[in-house]
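Note that the coordinates shown come from a computational prediction; the quantities given were computed from them, not determined experimentally. All residue numbers refer to positions in the sequence shown, counting from 1.
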Amino acid sequence: GVVAPKKVNGAFPKYPPMAKEKKIEGVVGLEILVSETGKVIDVRVTKSANPILDKAFADSVRGWSYQPARKNGCSMSGQLRRKPGRASEL
């Protein structure tokens with residue numbers, strides 16, 4: 001079977017000052033494509049809170065590292081969905 005990618009490291013995004021100023025909150029969901037080497041290749045917003053928060057989450061995730069997906073013991077690229085997270089958790 002296929003084993004999904006697993007996060008190895010990466011910092012959670014910082015709450016954007018402009019969003020804090022404007023008291024913007026919400027939930028952001030992401031779909032993340034991870035290469036066979038564990039690097040994030042693409043990030044797509046699946047649940048938008050606000051463009052400011054969406055960008056903060058997506059930019060942060062682009063710097064994360066993953067253990068790549070595996071099939072029959074071989075590394076492969078894989079896609080995963082990051083559960084929607086509240087912007088107030090930033």
Side-chain angles (χ1 to χ4, degrees):
V2 176
V3 178
K6 291 184 183 175
K7 182 180 167 190
V8 175
N9 66 38
F12 206 69
K14 295 197 186 313
Y15 201 92
M18 185 183 287
K20 197 177 280 190
E21 250 177 55
K22 294 182 177 194
K23 299 183 181 180
I24 298 171
E25 291 189 6
V27 174
V28 178
L30 300 173
E31 189 171 85
I32 305 161
L33 180 60
V34 178
S35 75
E36 63 277 352
T37 62
K39 291 183 77 170
V40 174
I41 306 171
D42 190 40
V43 179
R44 188 172 69 85
V45 175
T46 58
K47 180 165 180 56
S48 177
N50 175 284
I52 297 168
L53 298 177
D54 298 347
K55 183 174 178 356
F57 267 81
D59 287 350
S60 179
V61 168
R62 282 186 181 92
W64 292 1
S65 303
Y66 284 83
Q67 179 180 15
R70 298 185 74 71
K71 183 175 182 178
N72 299 324
C74 297
S75 294
M76 59 182 270
S77 62
Q79 202 165 34
L80 64 118
R81 286 186 183 254
R82 172 125 167 89
K83 282 201 254 178
R86 290 205 53 76
S88 59
E89 296 169 350
L90 292 176

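Put simply, CG on D42 and CD1 on I32 are 10.0 Å apart, with the number rounded to the nearest 0.5 Å. Here K20 contributes atom NZ and K14 contributes atom NZ; the two are 10.0 Å apart, rounded to the nearest 0.5 Å.
Between the side chain of N50 and the backbone N or O of E25 there is no donor-acceptor pair closer than 3.5 Å. S65 places no side-chain N or O within donor-acceptor distance of the main-chain N or O of N9, the cut-off being under 3.5 Å. Side-chain atoms of S60 come within 3.5 Å of backbone N or O of A11 as a donor-acceptor pair.
Nearest heavy atom pair, residue L53 against residue A19, reads CD2-CB, 3.7 Å. Taking each heavy atom of I52 and M18 in turn, the nearest pair found is CD1-SD, 3.5 Å. Annotation for A69 and S77: closest pair CB-O, 4.2 Å, computed over non-hydrogen atoms. Shown here for A49 and D54, the closest heavy-atom pair between the two residues is N-OD1, 3.0 Å. Contact detail for S75 and R70: the closest heavy-atom pair is OG-NH1, 2.9 Å. A pairwise comparison of heavy atoms in P13 and F57 identifies CG-CA, 4.0 Å as the closest pair.
Heavy atoms from other residues, nucleotides or ligands lying under 6.0 Å from NZ of K55 number 12 at most.
No path of Ile, Leu, Val, Met, Phe, Trp and Tyr side chains, each step under 4.5 Å between heavy atoms, connects M76 with V8, placing them in separate hydrophobic clusters. Residues F12 and V28 share a single hydrophobic cluster, defined by chaining ILVMFWY side chains whose heavy atoms lie under 4.5 Å apart.
Looking at heavy atoms from C-beta onward, E31 lies out of side-chain contact with K47 at the 4.5 angstrom threshold.
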task: Might you work through the side-chain contact (heavy atoms from CB on, under 4.5 Å) test for L33 and V40, ending with a clear yes or no?
output: CA-CA 6 Å; L33 180 60; V40 174; over 6 Å; no
